[in-house]
Amino acid sequence: MRVLIVDRCIQSTIDISNYLSDSNIELDFAYHGISALELIIKNEYDILILDACITKLDALSLSKKLRQQLFSSMPIIVLSKQTELAFKVQCFEAGVDDVVAKPCAPQELYHRILAMAKRGPLRGIGQQKIADLSVDYNAATITRGTRKIKLHQMQMKIIKVLAQHYPNTVSREVLEQEIWSGVLPDSSPLRTHIYRLRQNIKNQLDRDIISTVYAKGYKIA
DNA sequence: GCTCCCGGAATTATCATCGG
DNA sequence: CCGATGATAATTCCGGGAGC
């Protein structure tokens, strides 16, 4: 198991490293948010541990970036001296899985890492799990069970926007804005692309994953 | 020249609303 | 409640452009 610890306090990282030296956990360290992000993109980690006070890219921004832009499902634990509810809520809204009060005993951290690791297999960057579907943005594929569908560029854009808003409904206007980046085509080819996407998915998965919410938009069912 | 992908447009189907 | 009507969505076909 590979864990990335991001903390600007070198002594903290030394303490954790010493405690975990006998475990089968491979540790990497970063001392600010930007270098953490670079490591995450370059390597694959099973768990990310973030100190709330990291610099350059703060813990909440880094978490949001991982969830919303890189579609990473990697478990994130935040260590923080702030333990009030409002801060915790902010963390969870940013995509953090667990908030641990500092100072935190290395033993407690070790067991939290083990607990997180039990949740499931590693999921890399560019992949998102939605219901029983797995969306791979790098390979432009959707996988359900053993069935994998290759999507066209436009179909992938539609899925991406719907996935970003899952489980909410996305209006046609938002879809068009995000797909064509504000430069909308003269007519509305969105209908055509939605239809083709549905046909593509139906043919491969034997079911439709896009549902229409009349006069509201579309969502992933 | 052929194929694939995309946008445009027409037609058909479905849904929501309103009045009797 | 039910039918008429308008709004919205689904389906289908066609043509253009890019890539091979």
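In what follows, chains carry the letters A, B, and so on, assigned in the order in which the sequence lines appear, proteins first and then strands, with residues in each chain numbered from 1.
- By the side-chain contact (heavy atoms from CB on, under 4.5 Å) test, Leu85(A) pairs with Val89(A), sequence neighbours left out.
- Here dT8(C) presents its C1' atom at 13 Å from CG of Leu190(A), a figure rounded to the nearest Å.
- Separating the CD atom of Gln155(A) from the P atom of dC4(B) is a distance of 14 Å, rounded to the nearest angstrom.
- The interatomic distance linking Lys157(A) (NZ) with dC6(B) (C1') rounds to 11 Å, in whole Å.
- No option in Leu48(A), Ile49(A), Ile47(A), Ile113(A) other than Ile49(A) meets the side chain to side chain contact (heavy atoms under 4.5 Å, CB included) test with Ile5(A).
- Using a 4.0 Å cut-off between charged nitrogen and carboxylate oxygen, Asp58(A) and Lys64(A) do not count as a salt-bridge pair.
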Q.
How would you summarise protein contacts on nucleotides 9-20 of chain C per nucleotide, using B for base, S for sugar-phosphate only and - for none, with heavy-atom distances below 4.0 Å?
A. BBBBBB------
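- Remark: Ala30(A) pairs with Leu4(A), Val6(A), Ser35(A), Ala36(A), Leu39(A) by the side-chain contact (heavy atoms from CB on, under 4.5 Å) rule, at least two apart or across chains.
- A heavy-atom distance below 4.5 Å is found between the side chains of Ser63(A) and Leu50(A).
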